[in-house]
Asks: 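The structure's right below; bear with me while I get my questions together.
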Amino acid sequence: MTPWEMVAVLAAGIAGGAINTVVGSGSLITFPTLLAVGLPPITANVSNNIGLVPGGLTGVMGYRPELKGQRGRLLRLAPASVAGSIAGGLLLLNLPERTFTAVVTVLIAISCILVVIQPKLGRLLADRPKRAHGGPWLVLGALAAGAYGGYFGAGQGILLIGLMGILIDEELQRINAAKNVLVLLVNFTAAILYVLVADVDWTAVLLVALGSMVGGFAGAKVGRRLPPAVLRGAIVVIGVVAIVKLLAG
């Protein structure tokens, strides 16, 4: 990478770490940036996933007050998230790159749609009767979201927030805190797998990791003050750029 490309990746890591903590679609910033500086799609995805783990950790630390009393819930959901992550990671490493490009193009489009409809989804969830816990449906949902995250991480946090908002009786900020823990588990599990067997660009990992640590901490502290419409618009624009980049080869 050139020095300016390194600066761009570092800045993307900061933005991605903050967005992951607050919303859950930070890979729509970091992944296209890694593509733009010349990394192949699978190497970019693997390096991006590993680099975002430190940011996930700082985000979880920033949400510690909202995690109080959720230990039992997270212990029920964590095994499903880990199992799903392993399944998704194995799919990523064993399917051909052209399949990854086709699937990720669709997943990025779905993630962009989820970002756009998130406010409406939140209003719908606010009026829906809630349960004390999600039961087997939420466990299955965590498994599916984990597989999605192990294969390609963008949007998994939004999926988890939607599922938990529908299935459990809990305040949104506490749901977001639980989401951060589950996403961290998914990314950390996939990262271990990738380090062992995948082609990793360690320069990209280091830059994304440094940026995401700063962004994760900042997101937990001040991310709620960001103008939601501006944030959603930026994510969608970058997502569209990623789709064009993937389709153009």
Asks: Any chance you could measure Ser212, atom OG, to Ile50, atom CD1, to the nearest 0.5 Å?
Replies: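 Rounded to the nearest 0.5 Å, the OG-CD1 separation comes out at 12.0 Å.
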
Asks: With Ser27, which residues qualify under side chain to side chain donor-acceptor pair (under 3.5 Å), at least two apart?
Replies: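 Ser27: side chain to side chain donor-acceptor pair (under 3.5 Å) contacts with Asn48.
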
Asks: Who passes side-chain contact (heavy atoms from CB on, under 4.5 Å) against Ala144, sequence neighbours left out?
Replies: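 Counting only residues at least two positions away or on another chain, Ala144 forms no side-chain contact (heavy atoms from CB on, under 4.5 Å).
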
Asks: Sub-3.5 Å donor-acceptor pair from the side chain of Arg76 to the main-chain atoms of Arg71, do we have one?
Replies: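 Checked: no pair found.
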
Asks: After noting the C-alpha distance and the side-chain angles of Arg174 and Leu67, does the key distance pass the side-chain contact (heavy atoms from CB on, under 4.5 Å) rule?
Replies: CA-CA 6 Å; Arg174 285 172 58 79; Leu67 287 170; over 6 Å; no

Asks: Please enumerate all residues that pass side-chain contact (heavy atoms from CB on, under 4.5 Å) together with Asn180, with sequence neighbours excluded.
Replies: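 Once residues adjacent in sequence are excluded, the partners of Asn180 under the side-chain contact (heavy atoms from CB on, under 4.5 Å) criterion are Thr21, Val60, Tyr63, Asn176.
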
Asks: Side chain to side chain donor-acceptor pair (under 3.5 Å): which pairs involve residues 77-89, sequence neighbours left out?
Replies: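 Not a single pair qualifies under side chain to side chain donor-acceptor pair (under 3.5 Å).
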
Asks: Indicate if Leu74 and Leu140 have the same hydrophobic cluster label, given that clusters are the connected sets of ILVMFWY residues with side-chain heavy-atom separations under 4.5 angstrom.
Replies: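 Yes: a chain of side-chain contacts under 4.5 Å links Leu74 to Leu140.
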
Asks: Are any of the side-chain heavy atoms of Ile175 and Glu66 separated by less than 4.5 Å?
Replies: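 No, every pair of side-chain atoms sits at 4.5 Å or beyond.
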
Asks: Would a single hydrophobic cluster contain both Ile42 and Leu90, if residues Ile, Leu, Val, Met, Phe, Trp and Tyr are joined by side-chain heavy-atom contacts under 4.5 Å?
Replies: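 Leu90 and Ile42: one cluster.
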
Asks: Hey, can you pull the donor-acceptor pairs under 3.5 Å for the side chains in residues 198-210, sequence neighbours left out?
Replies:
residue	atom	partner	partner atom	Å
Asp201	OD1	Thr203	N	3.2
Asp201	OD1	Ala204	N	3.0

Asks: Test of understanding: with side-chain contact (heavy atoms from CB on, under 4.5 Å), list the residues that count as partners of Val197, not counting sequence neighbours.
Replies: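 With sequence neighbours excluded, Val197 shows a side-chain contact (heavy atoms from CB on, under 4.5 Å) to Leu93, Leu193, given in chain and number order.
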
Asks: Just grab all the side chain to side chain donor-acceptor pair (under 3.5 Å) pairs involving residues 8-19, residues at least two apart or on different chains.
Replies: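 Side chain to side chain donor-acceptor pair (under 3.5 Å) check on residues 8-19 returns no pairs.
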
Asks: If you compare all heavy atoms of Tyr194 against all heavy atoms of Gly89, which two are closest, and at what distance to 0.1 Å?
Replies: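 Between these two residues, the closest heavy atoms are OH-CA, 4.0 Å.
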
Asks: Any idea which heavy atoms bring Ala178 and Gln70 closest together, and the distance?
Replies: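 The answer is CB-OE1, 3.5 Å.
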
Asks: Mind checking side-chain contact (heavy atoms from CB on, under 4.5 Å) for Ala44 and listing every partner two or more places apart, or none if nothing turns up?
Replies: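 So Ala44 forms a side-chain contact (heavy atoms from CB on, under 4.5 Å) with Phe31, Leu34, Leu35, Leu39.
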
Asks: Output yes when a side-chain donor or acceptor of Thr99 lies under 3.5 Å from a complementary backbone atom of Leu95, and no otherwise.
Replies: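 Between the backbone of Leu95 and the side chain of Thr99 there is no qualifying donor-acceptor contact (under 3.5 Å).
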
Asks: Indicate the atoms forming the closest heavy-atom contact of Gly51 with Pro54, along with that distance.
Replies: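 Result for this residue pair: O-CD, 3.2 Å.
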
Asks: Between the main-chain N or O of Met61 and the side-chain N or O of Arg64, is there a donor-acceptor pair closer than 3.5 Å?
Replies: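 Yes.
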
Asks: Is there a path from Leu91 to Val103 through hydrophobic residues (I, L, V, M, F, W, Y) whose side chains come within less than 4.5 Å of each other?
Replies: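 Looking at the clustering, Val103 is in the same group as Leu91.
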
Asks: Grouping I, L, V, M, F, W and Y whenever their side-chain heavy atoms are under 4.5 Å apart, do Val186 and Val181 come out in a common cluster?
Replies: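 No, separate clusters.
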
Asks: Report the distance from atom CG of Leu52 to atom CD1 of Ile29, rounding to the nearest 0.5 Å.
Replies: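 Atom-to-atom, Leu52:CG and Ile29:CD1 are 11.0 Å apart.
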
Asks: Hey, can you pull the donor-acceptor pairs under 3.5 Å for the side chains in residues 5-17, sequence neighbours left out?
Replies:
residue	atom	partner	partner atom	Å
Glu5	OE1	Thr2	N	2.9

Asks: Can Met213 be reached from Ile19 by stepping across I, L, V, M, F, W or Y side chains whose heavy atoms are under 4.5 Å apart?
Replies: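 Ile19 does not cluster with Met213.
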
Asks: Which donor-acceptor pairs under 3.5 Å do side chains of residues 148-167 form with protein atoms, sequence neighbours excluded?
Replies:
residue	atom	partner	partner atom	Å
Tyr148	OH	Ser111	OG	2.7
Tyr148	OH	Ala154	O	2.4
Gln156	NE2	Asn187	OD1	3.2

Asks: Hey, are the side chains of Asn45 and Asn49 touching, using non-hydrogen atoms and a 4.5 Å cut-off?
Replies: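 Asn45 does not reach Asn49 side chain to side chain.
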
Asks: List the steps, then state whether side-chain contact (heavy atoms from CB on, under 4.5 Å) holds for Val183 with Asn20.
Replies: CA-CA 9 Å; Val183 169; Asn20 271 344; 5.8 Å; no

